[in-house]
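The structure under discussion appears below in the form of structure tokens.
Atoms within a ligand are numbered from 1 in the order they appear, just like the ligands themselves. Bear in mind that the values here come from a model prediction, so they are computed numbers and not experimental data. The figures here come from the full heavy-atom set of this structure, side chains too, leaving out hydrogens, waters and symmetry mates.
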Amino acid sequence: MRLTTENIQESNSKYVALHQKSFAALSSQLEHEGISIEKILSKIRSFQIAVPSWALGAGGTRFGRFGIGGEPRSLEEKIEDIGLLAKLTKSTDAVSLHIPWDIPSDYAAIMQLAKSHNIGFDAVNSNTFQDYGQEKSYKFGSLSHNDPKVREQAVAHNKQVIEVGGKLGSKGLTVWLADGSNFPGQQSFRRALDNTFESLQKIYASMPEDWKLLLEYKPYEPNFYSTVIPDWGTSHLLCRQLGDRAKVLVDLGHHLPNTNIEQIVGILLGQNQLAGFHFNDSKFGDDDLTTGSIKPYQLFLIFLELVAGAEDSCQTWESISWMIDASHNTKDPLEDLMQTLEAIKIAYAKSLLVDRVKLNEHQINGDVVMAQEILQKAFLTDVRPLLKEARLQSGGALEPISIYRQHEIRKQLIQKRGENTRATGL
Ligand code: LRH
Ligand code: MN
């Protein structure tokens with residue numbers, strides 16, 4: 001699947017004139033408002049988001065799955081696909097692995113290949129929500145299970161995941177538990193939570209000193225009556241008791257309808273308890289749709305909390321893990337991920353345009369209208385010329401999806417890998 005830097009430059013030459021016009025117009029408008037273009041461009045250039053290893057093939061639902069063809073057949077091919085995304089978008093520099101779906105067969109070779117694509121390894125994900133040949137089933141839970149043998153097995157699995165990640169240079173373990181119940185009376189809420197805490201303590205104690213535990217919450221699915229860690233509060237409660245290297249992972253799709261997620265982010269930042277994100281979007285449940293495709297204003301408000309939290313020294317930008325978690329049921333996974341990376345950076349760039357000094361004044365003075373005007377002005381600014389300029393300066397493509405289609409990359413992948421290949425993952 002060949003796409004050279006020359007191909008990208010040749011493609012950019014078609015769009016550069018139009019880009020320079022719109023970039024010049026936006027730059028003079030923003031400089032007129034006293035905003036430093038260079039500062040924003042450097043922040044946009046350096047902002048990198050990790051791609052999930054389980055989202056490079058077509059996802060599915062219980063009602064079916066429609067393959068896309070040319071899906072990666074191995075971790076090596078997944079890293080090649082992420083390498084292509086990095087080359088085009090200059091917005092991703094890491095992969096987040098899911099174990100056992102992506103256990104490397106040759107660590108040195110995988111590290112070498114990843115390095116050649118400027119790809120590192122972000123947090124590794126454990127999996128105690130499926131049976132994949134282990135001795136004890138996770139049908140009725142894992143870290144919370146009533147049977148100490150099952151809990152032990154689940155703890156051992158997490159220790160193995162830390163080992164895998166350690167060999168690859170990862171510094172974080174993401175734990176998401178499907179543990180819960182489908183019916184009233186099926187589970188003791190307090191016993192399940194106590195078992196989970198006891199198990200997490202063993203996992204936390206086995207983490208290297210420079211690692212963090214990212215504890216992901218989810219209100220429902222696959223259990224539909226209760227989930228042991230259903231919300232940010234329960235995750236926060238456990239993290240507080242585990243230690244300061246345990247923090248809360250916010251998957252945008254893991255909230256009940258109309259939950260104010262930006263407020264949760266603000267609260268966690270204020271407590272230095274935000275581990276990171278699983279970016280996606282949703283209309284109803286954990287739909288894992290393209291980030292920013294349903295609720296772009298919410299994503300902007302979340303980044304406003306993040307920028308404010310960083311500027312107010314609640315947490316450093318580097319202490320937060322920026323990761324995508326999506327499932328592609330009807331889109332080409334690579335095109336979906338290019339749209340996702342763009343949407344995340346658009347929300348970030350818009351949030352950097354907010355005059356937080358003026359906003360603070362209006363908040364203090366109770367000027368509700370002007371406070372909203374400040375946000376709307378930034379949100380309604382088309383920042384895409386800034387993203388394009390940042391990509392251009394980093395040697396990326398002005399129009400990533402256009403060049404991907406122009407070079408028929410998916411067709412090339414199908415020719416090389418086959419029509420019916422299926423990537424490991426959901
Ligand atoms: C659970 C989840 C979790 C992953 C899985 C792939 O819904 O968000 O982060 O382990 O998706
Ligand atoms: Mn997730």
Side-chain angles (χ1 to χ4, degrees), residues 49-62 65 75 78 94-103 122-132 138 141-144 154 157-158 160-162 164-165 170 172-180 200 203 212-224 226-232 234-235 247-256 259 261 264-265 268 274-291 299 302 320-329 333 336-337 340 344 422-426:
I49 301 117
V51 169
S53 62
W54 60 91
L56 292 159
T61 72
R62 59 187 168 159
R65 177 184 170 279
L75 181 53
K78 288 184 177 188
V95 58
S96 177
L97 296 187
H98 218 298
I99 307 298
W101 296 335
D102 301 298
I103 295 182
D122 205 317
V124 281
N125 297 261
S126 62
N127 177 342
T128 58
F129 52 84
Q130 290 177 325
D131 290 345
Y132 35 78
Y138 292 132
S142 61
L143 300 182
S144 71
H157 165 71
N158 278 276
Q160 186 218 355
V161 174
I162 292 169
V164 169
S170 172
L173 169 69
T174 295
V175 174
W176 166 67
L177 298 181
D179 295 32
L200 286 170
I203 295 168
K212 67 177 178 183
L213 176 67
L214 302 88
L215 194 55
E216 185 174 4
Y217 57 89
K218 184 175 182 178
Y220 69 93
E221 190 202 41
N223 279 294
F224 295 101
S226 74
T227 296
V228 174
I229 309 179
D231 54 30
W232 72 272
T234 309
S235 175
K247 297 186 180 183
V248 180
L249 176 63
V250 177
D251 183 313
L252 300 188
H254 292 185
H255 301 88
L256 298 176
T259 298
I261 303 175
I264 293 171
V265 170
L268 290 171
L274 179 64
F277 290 92
H278 274 180
F279 289 114
N280 50 56
D281 210 337
S282 50
K283 180 74 176 161
F284 301 105
D286 188 20
D287 310 343
D288 281 345
L289 300 175
T290 315
T291 306
L299 190 64
I302 288 170
I320 298 169
S321 293
W322 313 95
M323 303 175 285
I324 297 165
D325 180 1
S327 175
H328 322 287
N329 301 345
D336 197 336
L337 289 164
T340 294
I344 294 168
R422 179 168 183 166
T424 54
L426 284 182

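For D325, the N/O/S atom at the shortest distance from the Mn ion (ligand 2) is named OD2. Looking at E216 and the Mn ion (ligand 2) together, the shortest N, O or S contact belongs to OE2. Taking the Mn ion (ligand 2) as reference, the nearest N/O/S atom within D251 carries the name OD2. The atom name of the N/O/S atom in H278 closest to the Mn ion (ligand 2) is ND1.
The shortest separation from a heavy atom of N125 to ligand 1 is not under 4.0 Å, leaving the residue out of contact. Under the 4.0 angstrom criterion for non-hydrogen atoms, H254 is in contact with ligand 1.
In E221, neither the side chain nor the backbone holds a heavy atom less than 4.0 Å from any atom of ligand 1. Only the side chain of D286 comes within contact range of ligand 1, with a heavy atom under 4.0 Å; no backbone atom does.
Distance from atom 8 (O) of ligand 1 to its nearest protein heavy atom, with residue and atom name: D325 OD2, 2.7 Å. Closest protein heavy atom to atom 10 (O) of ligand 1: H98 NE2, 2.8 Å.
Counted by atom type alone, N329 and T61 present zero donor-acceptor pairs between their side chains at under 3.5 Å. S142 and D179 share a donor-acceptor pair across their side chains, judged by distance under 3.5 Å alone.
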